[in-house]
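Taking it in order: structure first as structure tokens, then the write-up.
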Amino acid sequence: MQRLLTFATMLPSAMAVYYGCYKEISGGHAINDDFLADFGGGTPPTPGMTITSCETHCTGLGWDLWALQNSGECRCGDSTVALAAGAFPMFASDCAMPCAGDVTEKCGGWGYFDLHGSAAEPPAITPYFNPPLTGPTDHGCYTEGYNVRALAGAFHWSSAMTVEGCTSFCQNSGFKWAGVEYSSECYCGSALGNGSVAAAAGDCSMACSGDATEICGGGNRLNVYEWV
């Protein structure tokens with residue numbers, strides 16, 4: 001099963017650590033101290049981006065973070081600087097683009113980047129809520145709203161959806177309410193929408209696409225959680 005990659009995985013190259021797939025910030029780049037693009041081809045032809053070529057570029061300039069995105073983009077940064085609000089760990093399946101120089105490797109996606117570095121821990125993320133929230137409270141099964149979504153603030157679909165993945169996505173997107181629906185859907189909001197009311201627990205009976213031991217709502221039914 002796939003979960004949010006909030007842990008580090010050692011790569012074959014010495015001292016390199018894979019921190020996971022991250023969501024890009026809106027209207028910019030979370031890591032952008034230096035930039036290199038190599039989509040392959042051209043005149044004269046270039047080999048295309050790989051994890052190693054990005055690492056070599058960034059570490060050669062003294063940076064200890066390298067982020068790969070859109071198959072052929074490499075950005076460098078400093079692991080001691082917290083990521084801007086809006087950049088946070090996502091599902092591995094969100095970074096599904098093959099690297100331009102090696103199709104067996106992954107180089108991020110549209111709006112997502114694979115983050116690597118040489119520090120033992122990834123850079124801190126900037127929380128939307130301060131003081132930090134302690135955890136999500138389970139409110140049970142709810143209906144969708146009346147002519148509106150029960151939670152209309154943000155949405156994410158994943159073939160690897162879990163309760164943890166959805167609640168983390170919503171919190172990091174700036175919302176305290178989260179709802180999992182129809183196995184693979186995650187909705188966020190600041191409050192429940194008009195007409196969304198408590199439903200029988202049995203109405204929410206679909207297993208989460210990323211963890212069959214968890215329940216992720218049903219047809220027009222959400223398992224609802226609130227960060228407190």
Side-chain angles (χ1 to χ4, degrees), residues 2-39 49-97 99-101 105-135 153-154 156 158 164-176 188 227:
Q2 292 177 308
R3 290 182 178 275
L4 291 181
L5 296 183
T6 55
F7 55 88
T9 303
M10 295 304 297
L11 292 174
S13 53
M15 303 303 295
V17 183
Y18 176 55
Y19 304 122
C21 180
Y22 281 68
K23 186 177 185 296
E24 185 60 278
I25 62 175
S26 177
H29 297 284
I31 296 173
N32 204 27
D33 289 307
D34 197 86
F35 174 72
L36 174 69
D38 186 356
F39 291 92
M49 188 63 66
T50 66
I51 296 172
T52 298
S53 63
C54 182
E55 175 186 357
T56 299
H57 173 75
C58 292
T59 56
L61 295 173
W63 303 109
D64 66 347
L65 284 180
W66 48 100
L68 296 112
Q69 190 172 11
N70 300 335
S71 289
E73 298 176 5
C74 169
R75 291 180 170 81
C76 314
D78 182 353
S79 66
T80 65
V81 178
L83 298 178
F88 49 84
M90 289 296 293
F91 297 93
S93 56
D94 291 319
C95 290
M97 282 190 173
C99 295
E105 297 179 344
K106 299 301 182 184
C107 281
W110 295 109
Y112 303 94
F113 58 91
D114 277 304
L115 184 60
H116 306 256
S118 56
E121 298 295 330
I125 64 172
T126 302
Y128 271 98
F129 299 103
N130 191 19
L133 304 174
T134 58
H156 191 72
S158 175
E164 177 189 4
C166 179
T167 54
S168 294
F169 169 76
C170 291
Q171 180 196 19
N172 287 317
S173 298
F175 298 98
K176 292 185 178 181
C188 315
W227 282 91

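Please read all numbers here as calculations on a predicted model, not as lab measurements. The first residue of the sequence shown is numbered 1, and numbering continues consecutively from there.
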Quiz prompt | Approximate separation, where rounding is to 0.5 Å, of Thr56 OG1 and Trp66 CH2 | solution = 9.0 Å
Quiz prompt | Spacing of CD1 belonging to Ile51 relative to NE2 belonging to His116, to within rounding of 0.5 Å | solution = 4.0 Å
Practice problem: Rounded to the nearest 0.5 Å, what's the gap from CG on Leu65 to CG on Leu83? Could you check? | Solution: 7.5 Å
Quiz item: How are the rings of Phe113 and Tyr22 set to each other: parallel, tilted or perpendicular (split at 30° and 60°)?
Solution: parallel
Quiz item: Are Trp63 and His57 side-chain neighbours, meaning at least one heavy-atom pair lies under 4.5 Å?
Solution: no
Practice problem: Determine whether Asp64 and Asp78 make a side-chain contact, defined as any pair of heavy atoms from C-beta on separated by less than 4.5 Å. | Solution: yes
Quiz item: Looking at Gly86 and Ile25, what are the two nearest heavy atoms and their distance?
Solution: C-CG2, 3.9 Å
Quiz prompt | Listed partners of Thr50 passing side chain to side chain donor-acceptor pair (under 3.5 Å), at least two apart | solution = Ser53
Exercise. Start with the C-alpha gap between Asp94 and Lys23, add the side-chain angles, then the distance that decides, and say whether side-chain contact (heavy atoms from CB on, under 4.5 Å) holds.
Key: CA-CA 9 Å; Asp94 291 319; Lys23 186 177 185 296; over 6 Å; no
Quiz item: Heavy-atom distance under 4.5 Å between the side chains of Thr59 and Ser118, does that happen here?
Solution: no
Self-check item: Any Asp114 side-chain heavy atom under 4.5 Å of Tyr18 side chain
Solution: yes
Quiz item: If you take all heavy atoms of Cys21 and Ala92, which pair is closest and at what distance?
Solution: CB-CA, 4.3 Å
Self-check item: side chain to side chain donor-acceptor pair (under 3.5 Å) against Ser173, all qualifying residues, sequence neighbours excluded
Solution: none
Exercise. Mind running disulfide bond (SG atoms under 2.5 Å apart) on Cys58 and Cys74 for me, showing each step along the way?
Key: CA-CA 8 Å; Cys58 292; Cys74 169; 3.7 Å; no
Quiz prompt | Closest contact, heavy atoms only, Thr134 versus Trp227 | solution = C-CZ3, 4.3 Å
Exercise. Could you list the residues that satisfy side chain to side chain donor-acceptor pair (under 3.5 Å) with His29, not counting sequence neighbours?
Key: Glu24, Arg75
Quiz prompt | Shortest non-hydrogen separation from Ala67 to Ile31 and the atoms involved | solution = CB-CD1, 4.3 Å
Quiz item: If every non-hydrogen atom of Ala82 is compared with every non-hydrogen atom of Thr126, which pair is closest and at what distance?
Solution: CB-OG1, 4.0 Å
Exercise. Take the angle between the ring planes of Phe169 and His156 and call it parallel below 30°, perpendicular above 60°, tilted in between.
Key: tilted
Practice problem: Just do the disulfide bond (SG atoms under 2.5 Å apart) check on Cys95 and Cys107 with the steps written out, would you? | Solution: CA-CA 7 Å; Cys95 290; Cys107 281; over 6 Å; no
Practice problem: Show the numbers, then the answer: is there a side-chain contact (heavy atoms from CB on, under 4.5 Å) between Glu121 and Tyr19? | Solution: CA-CA 8 Å; Glu121 298 295 330; Tyr19 304 122; 5.9 Å; no
Quiz item: Does NZ belonging to Lys106 count more than 12 external heavy atoms closer than 6.0 Å?
Solution: yes
Quiz item: Just wondering, do Met49 and Cys54 contact through their side chains at under 4.5 Å, heavy atoms?
Solution: yes
